[in-house]
Every structure is written in structure tokens, then in C-alpha cells.
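To start, the structure itself, in C-alpha cells.
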Amino acid sequence: MGVFDFLKVTVVEKTVVASYKAALTVDGKPLPVANLGMDSVTAGAPGKLKQGQRVTFALALTDPKESLSIRGTGVVASVDKAQAKIQFQGLPDQTRQQVARFLARYLINRPAS
């Protein structure tokens, strides 16, 4: 055993990553959330959604601090083969602020890539 053998030890830092979840239902059909903004949500696998279509949605956001359940209406702003962007309509300012706080917590706590 050499004098400097203790330097050969690899130390791995273990950290707990907070759990953030988002679930989206559009016109009764569950869709994966690809992206989230204060005024819109981008859904993956858009199926039969068409640009300009008016939809009802239910968005559930969960993180360690709170769970939000948002229901409302929106308009499909854009659609391609992989995603559809839904622009929220008529969300109260308080709800928009809750979504903004959720996004801020996610950005602060997300793991470094």
C-alpha cells in the first residue's frame, strides 16, 4: 500500500432530485406534455387535433411544494406530426401566477445536464 492510495478513491455525490409531473387531458383524451408555458402547453402525439380547433383541457401539475389542477379552454395554435401547441384562453391571473411559480421551481431545481 502506497502513501497516496487514498487519492485513488472515487467519490460520487448522491443528491435527491425533486419529482415534477405534468398530466394533460384534451377533450377527454390523455396526451403527454412536451413543453409548458404560462399561456400555453405543447402536447406530444396530437392525434386528430387541428390548427384553430377549440378544445377543453385539464392540466395537473405536481411538485414537492404543491399540486395544481387547472381546467379551461384553449385553441390549438399549431400542429405538426409530433406536437400540438394549445394556447390557453381566459385563465385567471392567479392561475397564471401559479403556473409561473411551478415553472420557476422546476428551473431552479432541475438537475444539471
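Just so we're clear, the structure is a prediction, and the values are computed from it rather than from any experiment. Computed over heavy atoms, backbone and side chain alike; hydrogens, waters and symmetry mates excluded.
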**Asked** Quick one: salt bridge (charged side-chain N to carboxylate O under 4.0 Å, His left out) partners of Arg105, sequence neighbours excluded?
**Response** Asp63, Glu66
**Message:** So, using salt bridge (charged side-chain N to carboxylate O under 4.0 Å, His left out) as the criterion, who are the partners of Arg96 when residues are at least two apart?
**Reply:** Asp39, Asp93
If you take all heavy atoms of [X] and [Y], which pair is closest and at what distance?
{"X": "Ala84", "Y": "Pro46", "answer": "CB-CB, 3.5 Å"}
{"X": "Thr62", "Y": "Ser67", "answer": "CG2-OG, 3.6 Å"}
{"X": "Ala45", "Y": "Leu31", "answer": "O-CD2, 3.2 Å"}
{"X": "Pro64", "Y": "Ser19", "answer": "CD-O, 3.5 Å"}
{"X": "Val79", "Y": "Gln51", "answer": "CG2-N, 3.8 Å"}
{"X": "Leu91", "Y": "Arg71", "answer": "CD2-O, 4.5 Å"}

**Message:** Filter on ring pair (Phe, Tyr, Trp, His ring centres under 6.0 Å), then keep only pairs touching residues 89-110, sequence neighbours left out; what's left?
**Reply:** Tyr20-Phe102, Tyr20-Tyr106
**Pairs meeting criterion ring pair (Phe, Tyr, Trp, His ring centres under 6.0 Å) with involvement of residues 43-94, two or more places apart** = Phe57-Phe88
**Complete:** Contacts of Val33 meeting side-chain contact (heavy atoms from CB on, under 4.5 Å) (sequence neighbours excluded), chain-then-number -> Ala22, Leu24, Val41, Leu59
**Request:** Not counting sequence neighbours, which residues clear side-chain contact (heavy atoms from CB on, under 4.5 Å) with Val55? List them please.
**Result:** Val26, Asp27, Leu49, Gln53, Val76, Ile86
**Request:** Determine whether more than 12 heavy atoms belonging to other residues, nucleotides or ligands lie under 6.0 Å from atom CZ of Arg101.
**Result:** yes
**Asked** Is Ile108 linked to Val99 within one hydrophobic cluster, defined over Ile, Leu, Val, Met, Phe, Trp and Tyr using a side-chain heavy-atom separation of less than 4.5 Å?
**Response** no
**Prompt:** Any side-chain heavy atom of Lys29 sitting closer than 4.5 Å to one from Lys48?
**Reply:** no
**Message:** Using 0.5 Å steps for rounding, measure from the CZ atom of Arg54 to the OG1 atom of Thr73.
**Reply:** 4.5 Å
**Asked** So how far is it from Ile70 CD1 to Leu61 CG, rounded to the nearest 0.5 Å?
**Response** 5.0 Å
